[in-house]
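Report on one structure; see the data block that follows.
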4 protein chains.
Amino acid sequence: MAHGQASIARNTVVDAKTPNKRDRLVSGARRVIYERGVERTSLADVAEVAGIPVGNIYYYFKTKDDLVAAAAEAHVSDLGELFQRLEALDSPQERLHGLLDELSHVGGSVAEYGCPLGTLAGELDKRNGTMASPQSQQLLVTMVDWAEQQFVGLERGDARQLAVALIAGYEGAALLTHSLRDPELLADQVQRLQQWVDEIADTANQAPAARSRRALHDQ
Amino acid sequence: MAHGQASIARNTVVDAKTPNKRDRLVSGARRVIYERGVERTSLADVAEVAGIPVGNIYYYFKTKDDLVAAAAEAHVSDLGELFQRLEALDSPQERLHGLLDELSHVGGSVAEYGCPLGTLAGELDKRNGTMASPQSQQLLVTMVDWAEQQFVGLERGDARQLAVALIAGYEGAALLTHSLRDPELLADQVQRLQQWVDEIADTANQAPAARSRRALHDQ
Amino acid sequence: MAHGQASIARNTVVDAKTPNKRDRLVSGARRVIYERGVERTSLADVAEVAGIPVGNIYYYFKTKDDLVAAAAEAHVSDLGELFQRLEALDSPQERLHGLLDELSHVGGSVAEYGCPLGTLAGELDKRNGTMASPQSQQLLVTMVDWAEQQFVGLERGDARQLAVALIAGYEGAALLTHSLRDPELLADQVQRLQQWVDEIADTANQAPAARSRRALHDQ
Amino acid sequence: MAHGQASIARNTVVDAKTPNKRDRLVSGARRVIYERGVERTSLADVAEVAGIPVGNIYYYFKTKDDLVAAAAEAHVSDLGELFQRLEALDSPQERLHGLLDELSHVGGSVAEYGCPLGTLAGELDKRNGTMASPQSQQLLVTMVDWAEQQFVGLERGDARQLAVALIAGYEGAALLTHSLRDPELLADQVQRLQQWVDEIADTANQAPAARSRRALHDQ
DNA sequence: TATGAATGAGTTTTCATTCAT
DNA sequence: CATGAATGAAAACTCATTCAT
């Protein structure tokens with residue numbers, strides 16, 4: 001059976017009869033969910049963009065929730081690939097820049113639909129009632145964790161908090177950008193964040209000792 | 001008829017006949033929407049919380065959208081009152097602190113449900129398709145505008161961007177806090193933002209001339 | 001109480017407090033019903049055009065059906081007045097012309113809304129299930145009866161059938177006019193009917209004896 | 001999917017899976033709509049008659065309007081078949097007789113429910129507000145167009161107006177018949193119309209040149 | 001596996017009618 | 001008599017999920 005094996009099987013070789021229908025389903029779901037939101041996306045919608053009959057979705061996913069979870073996982077997986085690519089860069093500073101560049105270059109669609117990860121995380125939070133849904137956590141934790149590593153690389157003892165500040169700064173900017181439908185807003189704030197990262201990096205390079213006393217957000 | 005709100009009567013003393021059922025409706029809606037999200041809140045839910053039959057909602061609101069809009073407006077109206085209270089404080093610095101205090105003291109519910117304004121704005125953005133819905137804009141614009149005034153009070157030429165950075169920083173932090181169900185995260189970030197505000201204020205007081213060259217996020 | 005006394009009280013002197021609210025109600029109902037149809041007209045609609053609170057309708061009419069019936073009766077009553085006016089004319093021929101003129105000069109609204117009497121009769125037929133509703137009968141019977149009298153005045157033994165043919169011709173033309181939204185169609189057919197009436201009248205005048213053998217529709 | 005009718009399959013043999021549920025739906029709708037009127041027919045009514053759950057209607061028709069439209073189209077389609085059958089007759093005169101026979105032999109149900117086409121057209125006119133609905137036009141236009149062809153076949157220059165007169169005469173008679181619940185009324189008027197058609201046909205045969213000067217309704 | 005077709009519970013919305021004052 | 005407010009029963013429509021083949 002196909003239920004429950006999830007992420008391992010996903011990128012393995014596809015058998016002839018099913019040229020990765022599951023993948024089409026997941027990426028279709030991702031797209032429609034991004035544009036319309038989870039709650040306003042019906043399985044019929046997904047089926048249509050994926051070119052798959054509705055009933056067939058249930059061969060690949062037991063419930064709508066499962067499909068949504070898979071879409072979330074795909075986002076996480078993409079993030080993983082991104083991080084791997086960024087690993088090739090020379091410094092944490094460049095890598096953090098790379099992340100911000102990537103996030104803000106989703107093609108101006110942020111003003112139209114918001115940040116894919118942030119909006120999805122927000123919806124998943126509501127969807128699963130009070131207890132945190134594992135997927136929504138993953139979405140953002142993945143980013144925060146990675147950013148934390150970069151700040152650790154800059155030898156910051158408060159790396160976790162800096163990471164949170166960075167991601168929060170970006171996600172908040174994306175929310176405002178979406179709400180006000182103003183792409184420039186995102187550009188401005190991303191630039192601010194880049195400069196902020198630069199200063200942290202500069203401080204790390206110049207005076208690696210004097211750091212820890214300075215306030216969190218302001219280095 | 002009751003459609004088209006009687007904004008004057010709304011907060012006045014309640015006459016015996018209708019112990020402000022409309023208000024009960026709106027605040028019931030606000031609460032349930034905050035907890036479950038707009039899409040997952042049925043009018044039956046709201047009716048139950050407000051203790052009235054579903055059909056009766058339609059005496060006060062022509063559509064669900066109207067009720068949601070009223071809930072959003074109530075948020076904006078509350079913000080207005082908050083700002084008025086903060087106006088009593090002596091300095092922009094204190095006022096900005098006041099805002100952050102208020103926002104983060106919604107009773108620890110941020111970890112459970114997120115920021116009421118941010119999550120609502122996010123949902124409204126999706127609800128009304130691609131074009132921005134007036135309510136979701138208002139929600140955040142109200143805050144940004146007010147914050148901008150405070151930064152103008154600190155004689156910052158980049159007041160708008162600072163305001164955006166502040167609100168974005170807070171909203172992003174709230175999103176992460178909610179997603180990770182970690183109240184401390186919010187506390188940390190709010191503290192960061194407070195310090196950041198303090199530094200901007202200090203700079204304004206000490207060397208009002210040297211400001212403009214410094215980078216945006218780091219004063 | 002006001003229920004049930006209906007047509008007598010209607011045109012009597014109005015007491016100061018109620019400047020014929022009932023009348024305003026009835027004529028409001030007539031108008032809206034004509035434009036939107038009985039089923040698509042809500043009591044709220046009627047109340048609005050009449051400038052009367054919804055609840056108050058029930059002082060004058062026990063049910064929606066009663067109000068509709070009153071609207072129908074008002075049409076009949078108007079017809080009565082029309083017939084009285086036409087009585088002043090010299091010949092049946094002129095009177096029948098007068099009826100057709102009146103019916104087709106409702107201001108081109110026939111193309112927009114159909115014949116007020118015909119459409120209402122049609123709706124009432126459906127509204128009251130299988131057994132004929134007294135009001136819908138009255139609506140058309142009143143016209144047919146009167147027309148019959150005119151043909152009797154032309155000394156036609158088949159007066160009833162001629163009357164039916166005339167009214168049917170008109171109502172059918174109004175239906176087509178409405179459906180095709182083509183005012184000229186009505187004008188054409190009314191002209192046809194006028195000529196047909198003329199010929200019947202001519203025949204009556206010229207050869208009062210030769211009549212009875214000719215076919216019904218074709219004189 | 002089933003939306004967007006499979007007009008070909010509709011009247012073909014039914015495969016085991018779906019014993020033409022769509023057809024059952026449409027003809028059920030036709031029947032109930034005929035008897036109760038569009039506005040007073042709920043989808044639940046139709047579902048019951050068709051023996052299917054309400055929700056399932058929406059698999060075949062996106063909205064109630066669509067179902068109603070399908071019912072109207074079915075009427076038109078039936079008319080098409082009728083006309084094809086009538087084409088076999090030798091003369092326009094016989095064909096017009098055939099139409100009238102068919103229309104008035106709907107089983108005496110005209111007195112109970114009116115003319116299926118006329119009543120439906122009337123309701124559709126109201127349903128779609130002021131602008132003509134395509135279906136209601138089609139209903140009557142189809143008949144008028146065909147009748148026009150027959151009068152053209154009788155070499156009448158005023159064929160269109162004669163066609164309108166014929167259909168209007170019939171529809172008006174059906175309306176009166178229904179309103180007065182008097183089947184004889186219809187019989188009488190249909191006979192009149194037949195005779196009228198005969199005279200036109202006779203005139204065409206005898207003196208094909210002398211026609212155009214005569215009045216419209218009276219040949 | 002695949003798929004068109006069910007199914008049924010839920011959601012928004014409308015409205016005639018009633019009620020309390 | 002007047003009226004704003006209430007109420008509950010429908011109605012149209014949606015959709016996740018299941019089923020038969």
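Reminder, nothing fancy here: chain letters follow the sequence lines and each chain counts from 1. These numbers were taken from a predicted model, which means no experiment stands behind them.
Distance CG (A:Leu25) to P (E:dT3): 12 Å, rounded to an integer number of Å. For the pair A:Arg24 CZ and E:dA2 P, the computed distance is 10 Å after rounding to whole Å. Regarding A:Asn56, its CG atom lies at a distance of 9 Å from the P atom of E:dG4, rounded to whole Å. Remark: C1' of E:dC19 and CD1 of C:Ile57 are 16 Å apart, rounded to the nearest angstrom. In this structure, C:Phe61 places its CZ atom 16 Å from P of F:dT3, rounding to the nearest Å. Atom CD1 in D:Ile52 sits about 13 Å away from atom C1' in E:dG8, given to the nearest Å. Nucleotide E:dC15 holds its C1' atom 14 Å from the CG atom of C:Asp65, rounded to whole Å. Atom CG of B:Leu67 is separated from atom C1' of E:dT13 by 14 Å (rounded to the nearest Å).
At the phosphate of E:dA2, neither OP1 nor OP2 sits under 4.0 Å from any side-chain N or O atom of A:Tyr59. Distances shown here put every side-chain N or O of B:Lys62 at or beyond 4.0 Å from the OP1 or OP2 atom of E:dC15. Between B:Tyr58 and the phosphate of E:dT13, there is a side-chain N or O to OP1/OP2 separation shorter than 4.0 Å.
Inter-residue side-chain proximity for A:Val26 and A:Phe61 is flagged as met; some heavy-atom pair is nearer than 4.5 Å. Side chains of A:Lys21 and A:Leu25 form no contact here, defined as non-hydrogen atoms less than 4.5 Å apart.
The distance from the CG atom of C:Leu120 to the NE2 atom of C:His75 is 5.5 Å, given to the nearest 0.5 Å.
Panel note: side chain B:Arg24, backbone B:Ala50; a donor-acceptor pair is recorded below 3.5 Å.
Between B:Asp45 and the options B:Arg31, B:Arg36, B:Lys64, B:Arg40, a salt bridge (Lys or Arg N to Asp or Glu O under 4.0 Å) holds for only B:Arg36.
More than 12 heavy-atom neighbours from other residues, nucleotides or ligands sit within 6.0 angstrom of CD on D:Glu35.
Remark: E:dT18 base-pairs with F:dA5. Criterion, Watson-Crick or G-U wobble with two distances under 3.5 Å.
The pair D:Asp65-D:Arg127 meets the salt-bridge criterion, with a side-chain N (NZ, NE, NH1 or NH2) lying under 4.0 Å from an Asp/Glu carboxylate O.
Two residues, C:Gly55 and B:Lys64, neighbour DNA chain E, and the one matched to the more 5' nucleotide by heavy-atom proximity is B:Lys64.
Less than 4.0 Å separates DNA chain F from at least one heavy atom of each of the following residues of residues 36-50 of chain A: A:Thr41, A:Ser42, A:Leu43.
Checking E:dT13, F:dG4, F:dT7 against the side-chain heavy atoms of C:Pro53 singles out F:dG4 as nearest.
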